[in-house]
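Predicted, not measured: the structure shown is a model, and the values here were computed from it.
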Number of protein chains: 2
Amino acid sequence: MTQKITQRNVADLANVSTGTVSRVINGHPLVSEEARKAVLQAIEQLGYIPNKAAQSLAQGRTNNILVAFLDKSPILPSTWQYELPILQAINDYLRLNNYSVQITIHTADSNLDSVLFKDVMSDKSIDGMMILTSLAIEESFIRSLEESRIPTVFIGNGPFWHDGNQVGTAILFDNFHIIQDAYNMLRSLGHERIGFITGSDEHIHSQIRLKAFTEIAAKHMDPESCEDLIHHGDYSINSGFEALYHFFKKADPPTAIICANDLMAIGAMKAAKELHMRVPQDLSIIGFDNIEVGSFYSPPLTSIKVPSYDLGRQGAELLLKTIKDGKTREPITLPTELVIRNSISKMV
Amino acid sequence: MTQKITQRNVADLANVSTGTVSRVINGHPLVSEEARKAVLQAIEQLGYIPNKAAQSLAQGRTNNILVAFLDKSPILPSTWQYELPILQAINDYLRLNNYSVQITIHTADSNLDSVLFKDVMSDKSIDGMMILTSLAIEESFIRSLEESRIPTVFIGNGPFWHDGNQVGTAILFDNFHIIQDAYNMLRSLGHERIGFITGSDEHIHSQIRLKAFTEIAAKHMDPESCEDLIHHGDYSINSGFEALYHFFKKADPPTAIICANDLMAIGAMKAAKELHMRVPQDLSIIGFDNIEVGSFYSPPLTSIKVPSYDLGRQGAELLLKTIKDGKTREPITLPTELVIRNSISKMV
DNA sequence: CTGTTAGCGCTTTCAA
DNA sequence: TTGAAAGCGCTAACAG
């Protein structure tokens, strides 16, 4: 067993006090060059590494931040296209700034409040947290959060309010306008009957995408026709597959479909093939997320690209700022982008 | 600011000493029922939560474990099909056992040793770690690890040795036999020219899969013919795509291909389509990883399923055992499984 | 510029 | 069964 090297050992070897060692470690300006050298040399020689727990205890902060993922069901690798670059970004930025990244993945059968507070936040071993969920967040959770005073950034959700003041900071991306852009682009290609396949109804992104669709469609047709063009999926390939069959069982099916994610678009394309419909000649399809395999489909899938990495990166930056000055900030919304490929075409 | 509640407050309210409070919290047997009740009641009333840093300092352990991901390049969502369930499993198991999960994702341009030790392990704030990488691991790293005495589990890599004793515990999955099984199955379908597309050459799994292929192929043909049937890819869809073109530029191309992952299989299928070859009538294809979209291809992709979740789960279990008793354990290898779908068929 | 010292909040002997 | 008190290793206020 390598025995523990403490600050004391370093101090002795360098012939200074532990206070001086501490100053050197923490970059305190008032240390003589001579002392600093001696200390650094001793540290090197002994292979000394400060004990984090002791530092945390003495300083009252931990340099730990928690990234919490909350969803209804366990991770499905295929649906983490959005989350993963966010995680990578958070990791990159926080490590660079000397923070450790703790994560927790919660399947919220129960409500967030008990889950998150009891199991996680409560351990008081974090300086701040980033919450990544597209589930609705309960009022009670926001209240607990407010009370706990833990600096928090919500990614892709929020902003949230309690008693008139904002709780946490939100970093978002534009779900709304891009859906309308997609719609308008399909219209400009001559499509009049444009369908929409939603994601899981309890996901806020899916709700927003649906709202965007409903509002823009309402400008061009009456509400009932619009209803007929909406099918509720759950983000799975299979639900996209079924949605297409659903649409084409009815009279007057859509000539173009916007899907709330790429997986459903892939399912829809598969169904289209079974129904002997050609994409894009007979049916235009647009997905969401811009997953890698999408560009390798035949035809390559038109999709919407979310700036995941930036979301994580800027979110982490905001969090550190908040930890420093305690202020919550205005929500930030990052732009999304329509990536056009061959799965859409002019109406013939 | 919610002011801090310490053990002292609880002790005062319950009319006991802090020692008793501590005993109650840690489930020490020698506490009177009366005292226990009073303490629990006070804890509840005050909303007391023990300070982790203080606990760590006093107990000399942190209840933190680090999960380190190491690779050459940043996360590509599409290639994390293997890692994600592992992460989920680790999270599930460790949280259940009162450990926090810290993660770090390293892009190892430089070598592991400096990267991992300097930035991460060195912080002494973890009780153990799980290393997830398919890169080769340097001797120097193993040495540092041995010296650090930090309980470690390697997932999908190892076992490693230093001076005759095993360093860390390895939990593996069977890459080798399953490739040979796949080969034999293709032969039983009448295929004689069976090709192989490797993953990134620096990844150990790819190396093993290639070795398995080479050895089994050697039983049926001379080495040069075998060479012709191997193409080096890099796990990307695109490299699978190119590999197929490569094979079919030559005389006597394969009638069946095994790919080191599903993404390359997808790329290969795309190229096959461009070349007007039908899968499986003209060409049988087998992938690896059993990714979700694979079953939605036309034809659905035959693939090899890796028990990722179990890998993470059992790895975490091993780690906690090792933390408890300090013993390293024999490597464990979990079985993989061939999932047969329509991308393969009898030679006609 | 530097040494001394009093905590940080909790655990754990040691006595009682 | 319990209280008192000595740390765990580090930081920071205070003297000097």
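Under 4.0 Å is where a charged nitrogen must lie from a carboxylate oxygen, and between R8(A) and D12(A) at least one such pair does. Taking 4.0 Å as the cut-off between side-chain N and carboxylate O, E147(A) and R143(A) do not count as a salt-bridged pair.
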Sugar-phosphate or base contact per nucleotide [nucleotides 8-16 of chain D; S, B, -; heavy atom under 4.0 Å]: BBBBBB---

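Rounded to whole Å, atom P of dC10(C) lies 15 Å from atom CZ of R61(B). To the nearest angstrom, P of dT1(D) lies 9 Å from NE2 of H28(B). Rounding to whole angstrom units, CD1 of residue I43(B) and P of dC10(C) are separated by 10 Å.
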Trace of the side chain to side chain contact (heavy atoms under 4.5 Å, CB included) decision for I5(A) with I49(A): CA-CA 7 Å; I5(A) 313 283; I49(A) 292 157; over 6 Å; no

Check against side chain to side chain contact (heavy atoms under 4.5 Å, CB included), T6(A) and N9(A): CA-CA 5 Å; T6(A) 72; N9(A) 304 314; 3.6 Å; yes

Step-by-step side chain to side chain contact (heavy atoms under 4.5 Å, CB included) determination, I131(A) to F141(A): CA-CA 12 Å; I131(A) 297 183; F141(A) 178 81; 3.6 Å; yes

Stepwise side chain to side chain contact (heavy atoms under 4.5 Å, CB included) check, F69(A) with L87(A): CA-CA 10 Å; F69(A) 295 89; L87(A) 181 57; 4.1 Å; yes

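When the local axes at the two ends of the helix from dC1(C)-dG16(D) to dA16(C)-dT1(D) are compared, using 5 base pairs at each end, they differ in direction by 40° after rounding to 10°.
No side-chain heavy atom of V67(B) sits under 4.5 Å from any side-chain heavy atom of I103(A).
In this structure a side-chain-to-backbone donor-acceptor pair under 3.5 Å is present from N157(A) to T133(A).
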